[in-house]
**Q** 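The structure is given below, and queries will be raised subsequently.
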Amino acid sequence: MLPDLSKLEASLLNTSGDVKLDVRFRTLFTLKGLAALSQDKRERVIEIISKGFSDDSALLKHEMAYVLGQIKDTRALPCLEGILRDEKQHTMVRHEAAEAMGAISSVESLPVLQKYFVEDPDVSIRETCHLAISKIELDNSDIGHTEQALQAERDKAHGDALDAAARAAAPIDPAPAIVTVQGFSDQKENVYTLSSVPTFRATLLDTSLSLFERYRAMFALRNTVQRGDEEAQKAAVRALVDGLKDESALFRHEICFVFGELCHPASIPAMSHVLDDAHEHEMVRHEAAEALGAVLEESGGGDESERVIAMLRQYANDASAPRVVRESCVVALDEMAYNNDPTQFQPIES
């Protein structure tokens with residue numbers, strides 16, 4: 001039996017006042033899954049999530065904006081545009097709203113994105129609007145359609161039914177991965193190999209290029225970790241770690257997000273360093289905390305697991321750390337405990 005939407009709404013919005021943050025996160029992603037079932041459910045899910053932006057947790061609100069983008073329905077645009085325009089919202093929430101508009105990829109969003117790309121005083125908002133504008137323009141162009149078709153053809157040639165299901169559930173990236181590399185003549189050929197890593201790395205680190213092109217290299221390196229052999233994976237992880245030296249906090253935070261997607265144990269030292277750096281931007285540290293939690297859930301973390309758990313606990317209880325960092329650590333720890341408890345594998349509010 002499907003979860004009751006009214007009960008999920010009460011859980012997400014914490015109408016009782018005693019719903020833990022990690023439960024609200026799971027509720028949010030349950031709603032995301034339900035939105036895929038029908039147009040009516042999607043409309044109701046958008047309505048429920050849109051009510052949550054008066055909450056006092058920037059971490060939860062940023063995740064709600066993310067989910068609205070991943071649902072990819074233009075009916076979410078009025079809410080997202082309102083969040084972007086609301087300068088009282090936390091920068092992380094406004095950034096995620098702009099990125100979500102890029103994920104939905106409607107040309108209707110271009111005017112408001114262009115306004116804040118030019119006018120917003122916060123560099124992270126301007127950079128996010130640039131990325132969203134570039135993605136929308138590419139997605140709706142002949143070049144973009146050709147690239148999408150090429151990637152789909154490659155996926156079909158190199159994947160099986162399980163891979164196809166995983167790709168269908170994969171997040172919508174703020175910039176599509178690079179799909180063509182010099183030296184590959186067969187369009188169906190996998191370009192995400194060790195030989196391509198130097199090209200992707202050079203683009204990732206080239207600050208003379210647009211942020212959008214560098215993001216495309218970032219996601220090409222992610223794809224290399226996912227589709228390449230062991231040597232390619234190691235080289236791609238090293239290249240992504242090199243990107244953490246970039247001046248843009250938005251860029252660094254996206255690399256941490258990618259490491260959270262990959263759950264590769266080789267990222268643990270870099271993510272630990274980011275989380276432990278009190279001078280690092282809170283949005284970057286938050287993504288590092290979530291990445292560490294994801295790595296431990298997926299791979300166990302090996303010999304470093306106890307040290308990483310201790311670090312997450314340290315910052316979960318550090319009153320001097322930014323709230324979004326503390327909450328990210330709390331959610332990461334709670335999710336690990338939940339997923340390691342076999343009695344918990346049941347629908348929320350079923």
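Excluded from the calculations below are hydrogen atoms, water molecules and symmetry mates; all remaining heavy atoms, backbone and side chain alike, are included.
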**Q** Any side-chain heavy atom of Glu280 within less than 4.5 Å of one from His273?
**A**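 Answer no - side chains too far apart.
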**Q** In Å, rounded to the nearest 0.5 Å, how long is the span from OH of Tyr66 to CD1 of Ile49?
**A**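 CD1 of Ile49 is found 12.5 Å from OH of Tyr66.
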**Q** Mind checking whether Lys32 and Val45 have side chains closer than 4.5 Å, heavy atoms only?
**A**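 Counting from C-beta outward, Lys32 and Val45 never come under 4.5 Å.
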**Q** Is there side-chain contact between Glu290 and Phe257, with at least one heavy-atom pair below 4.5 Å?
**A**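 No, their side chains stay 4.5 Å or more apart.
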**Q** Any chain of hydrophobic side-chain contacts (each under 4.5 Å) joining Leu275 to Val330?
**A**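 Different clusters: Leu275 never reaches Val330 through Ile, Leu, Val, Met, Phe, Trp or Tyr contacts under 4.5 Å.
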**Q** Hey, quick one: are Phe219 and Leu209 part of the same hydrophobic cluster, counting side-chain heavy atoms closer than 4.5 Å, chains of contacts allowed?
**A**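 Result: no, two separate clusters.
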**Q** Taking atom CG of Leu77 and atom CD of Glu108, what is their separation to the nearest 0.5 Å?
**A**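 It is 6.5 Å, given to the nearest 0.5 Å.
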**Q** Look at Arg75 together with Glu47 and state whether they make a salt bridge at an N to O cut-off of under 4.0 Å.
**A**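 Not counted as a salt bridge, because no side-chain N and carboxylate O are separated by less than 4.0 Å.
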**Q** Mind checking the CG-CD1 spacing from Leu84 to Ile125? Nearest 0.5 Å is all I need.
**A**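 Those atoms lie 6.5 Å apart.
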**Q** Would you call the rings of His130 and Phe212 parallel, tilted or perpendicular if under 30° counts as parallel and over 60° as perpendicular?
**A**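 Because their plane-to-plane angle is over 60°, the rings of His130 and Phe212 count as perpendicular.
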**Q** Out of curiosity, does Val284 fall in the hydrophobic cluster containing Leu205 (side-chain heavy atoms, cut-off under 4.5 Å, transitive links)?
**A**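 Yes; Val284 is reachable from Leu205 via cluster members.
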**Q** I'd like to know whether NZ of Lys20 has more than 12 heavy-atom contacts from other residues, nucleotides or ligands below 6.0 angstrom.
**A**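 No, NZ of Lys20 has 12 or fewer neighbouring heavy atoms, counting only those of other groups under 6.0 Å.
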**Q** Kindly check if the number of other-residue, nucleotide or ligand heavy atoms within 6.0 Å of NZ (Lys41) is above 12?
**A**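 At most 12 heavy atoms, drawn from other residues, nucleotides or ligands, come within 6.0 Å of this atom.
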**Q** Out of His253, His62, His95, which residue meets the ring-ring contact (aromatic ring centres under 6.0 Å, His included) rule with His286?
**A**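 Answer to the ring-ring contact (aromatic ring centres under 6.0 Å, His included) test with His286 among His253, His62, His95: His62.
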**Q** Compare every heavy atom of Ala321 with every heavy atom of Arg326, then report the nearest pair and how far apart it is.
**A**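 The answer is NH1-O, 2.6 Å.
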**Q** Please find the pair of heavy atoms, one from Leu5 and one from Ile48, that lie closest to each other, and give the distance.
**A**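 Taking every non-hydrogen atom into account, O-CD1, 3.8 Å.
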**Q** What pair of heavy atoms forms the shortest contact from Glu261 to Pro171, and how long is it?
**A**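 It is OE2-CG, 3.1 Å.
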**Q** Is it true that Arg44 and Asp40 have a side-chain N and a carboxylate O under 4.0 angstrom from each other?
**A**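 Result for this pair is no, no salt bridge flagged.
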**Q** Quick one: does Thr128's side chain get under 4.5 Å of Glu96's, heavy atoms only?
**A**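 SC-SC contact between Thr128 and Glu96 ruled out.
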**Q** Provide the closest heavy-atom pair for Cys129 versus Ala98 in the form atom of the first, atom of the second, distance.
**A**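 Heavy-atom minimum between the residues: SG-CB, 4.2 Å.
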**Q** Near Gln114 CD, under 6.0 Å, is it more than 12 heavy atoms from other residues, nucleotides or ligands?
**A**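 For Gln114, atom CD is crowded (more than 12 foreign heavy atoms under 6.0 Å).
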**Q** Just by modelled atom types, is the Val191 backbone N or O under 3.5 Å from a matching donor or acceptor in the Ser196 side chain?
**A**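 The answer is yes, because a donor-acceptor pair under 3.5 Å joins these two groups.
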**Q** With a 4.5 Å cut-off on side-chain heavy-atom distances among I, L, V, M, F, W and Y, is there a chain of contacts connecting Val123 to Ile133?
**A**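 Unlinked, Val123 and Ile133 end up in two clusters.
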**Q** As an exercise, state the distance from CD of Glu306 to CE of Met311, rounded to the nearest 0.5 Å.
**A**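 With rounding to 0.5 Å, CD (Glu306) is 14.0 Å from CE (Met311).
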**Q** Main chain of Ile136, side chain of Asn140: is a donor-acceptor contact present, judged purely on distance under 3.5 Å?
**A**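 Side chain of Asn140 to backbone of Ile136, a donor-acceptor pair under 3.5 Å: yes, one is there.
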**Q** Check Arg285 against Pro322 and note the closest heavy-atom contact, atom names and distance.
**A**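 Reported closest heavy-atom pair: NH1-CD, 3.7 Å.
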**Q** Would you say that Glu304 contacts Pro269 through its side chain, given a criterion of any heavy-atom pair below 4.5 Å between the two side chains?
**A**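 Yes, side chains in contact.
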**Q** Specify whether Tyr192 and Phe200 have parallel, tilted or perpendicular ring planes, treating 30° as the upper limit for parallel and 60° as the lower limit for perpendicular.
**A**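 Rings of Tyr192 and Phe200: tilted, 30 to 60°.
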**Q** If we ignore hydrogens and angles and just use 3.5 Å, is the side chain of Arg252 paired with the main-chain N or O of Asp246 as donor and acceptor?
**A**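 Side chain of Arg252 to backbone of Asp246: a pair is present.
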**Q** For Phe251 and Glu127, what are the C-alpha separation, side-chain angles and deciding distance, and is it a side chain to side chain contact (heavy atoms under 4.5 Å, CB included)?
**A** CA-CA 9 Å; Phe251 189 82; Glu127 288 177 340; over 6 Å; no
**Q** Using modelled atom types only, decide if a donor and an acceptor are shared between the side chain of Thr203 and the backbone of Thr199 within a distance under 3.5 Å.
**A**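 Yes, the answer is positive, given that a donor and an acceptor are paired below the 3.5 Å cut-off.
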**Q** If we only count heavy atoms from C-beta on, is the Ile104 to Asp73 side-chain gap below 4.5 Å?
**A**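 Ile104 does not reach Asp73 side chain to side chain.
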**Q** Take Thr193 and Val181 through the test side chain to side chain contact (heavy atoms under 4.5 Å, CB included) and record every step on the way to the result.
**A** CA-CA 11 Å; Thr193 63; Val181 179; over 6 Å; no
**Q** Evaluate salt bridge (Lys or Arg N to Asp or Glu O under 4.0 Å) for Arg222 paired with Asp173, printing each intermediate quantity in order.
**A** CA-CA 11 Å; Arg222 178 206 60 193; Asp173 298 326; 2.8 Å; yes
**Q** Using the side chain to side chain contact (heavy atoms under 4.5 Å, CB included) rule, pick out the option among Val241, Val295, Val225 that qualifies with Phe259.
**A**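 Of the listed options, the one satisfying the test is Val241.
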**Q** Taking the side chain as everything from C-beta on, heavy atoms only, tell me whether Arg323 gets closer than 4.5 Å to His90.
**A**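 With C-beta onward as the side chain, the pair stays apart.
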**Q** For Val237 and Ala266, which heavy atoms make the closest approach, and how far apart are they?
**A**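 What the structure gives for the nearest pair is CG1-CB, 3.9 Å.
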**Q** Would you compute the distance between atom CG of Leu80 and atom CG of Leu68 and round it to the nearest 0.5 angstrom?
**A**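 Answer rounded to 0.5 Å: 5.0 Å.
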**Q** Would you confirm whether Lys135, through its side chain, and Gly102, through its main-chain N or O, come within 3.5 Å as a donor-acceptor pair?
**A**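 It does hold such a pair.
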**Q** Under 3.5 Å, side chain of Glu147 to main-chain N/O of Leu138, donor-acceptor pair present?
**A**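 No.
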**Q** Is the backbone of Leu8 close enough, under 3.5 Å, to the side chain of Ser11 for a donor and an acceptor to pair up by distance?
**A**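 Not at all, since once roles are kept as given, no pair shorter than 3.5 Å links the two residues.
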**Q** Do Arg24 and Asp55 pass the side chain to side chain contact (heavy atoms under 4.5 Å, CB included) test, and can you show the C-alpha distance, the side-chain angles, and the key distance before you say yes or no?
**A** CA-CA 12 Å; Arg24 299 173 73 189; Asp55 199 86; 2.7 Å; yes
**Q** State whether the side chain of Gln70 and the backbone N or O of Ile172 hold a donor-acceptor pair below 3.5 Å, judged by distance alone.
**A**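 Indeed, once roles are kept as given, a pair shorter than 3.5 Å links the two residues.
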**Q** Are more than 12 heavy atoms from other residues, nucleotides or ligands located less than 6.0 Å from atom CG of Asp142?
**A**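 Atom CG in Asp142 is not crowded, with 12 or fewer foreign heavy atoms closer than 6.0 Å.
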**Q** Can Arg26 and Asp334 be counted as an ion pair, charged N to O under 4.0 angstrom?
**A**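 Judged by the 4.0 Å cut-off on N to carboxylate O distance, Arg26 and Asp334 do not form a salt bridge.
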**Q** Which is it for Arg94 and Glu87 under the side chain to side chain contact (heavy atoms under 4.5 Å, CB included) test, yes or no, and what are the steps along the way?
**A** CA-CA 8 Å; Arg94 295 181 64 222; Glu87 296 183 10; 4.1 Å; yes
**Q** What distance separates Leu113 CG from Glu81 CD, expressed to the nearest 0.5 Å?
**A**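 Taking CG in Leu113 and CD in Glu81, the distance rounds to 7.5 Å.
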**Q** So, Asn317 side chain and Arg313 main chain: donor-acceptor pair closer than 3.5 Å or not?
**A**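 Here the side-chain-to-backbone pair exists.
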**Q** Do we see a donor-acceptor contact under 3.5 Å between the side chains of Glu327 and Ser57?
**A**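 Yes, because at least one side-chain N or O of Glu327 sits under 3.5 Å from a partner of the opposite role on Ser57.
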**Q** Under 3.5 Å, side chain of Arg126 to main-chain N/O of Pro121, donor-acceptor pair present?
**A**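 Yes, Arg126 side chain to Pro121 backbone: donor-acceptor pair under 3.5 Å.
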**Q** Within the structure provided, determine whether Thr207 and Arg214 are in side-chain contact (heavy-atom separation under 4.5 Å).
**A**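 Heavy-atom side-chain distance check passes, below 4.5 Å.
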**Q** Taking NE2 in His145 as the centre, count heavy atoms belonging to other residues, nucleotides or ligands within less than 6.0 Å. Is the count above 12?
**A**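 Yes.
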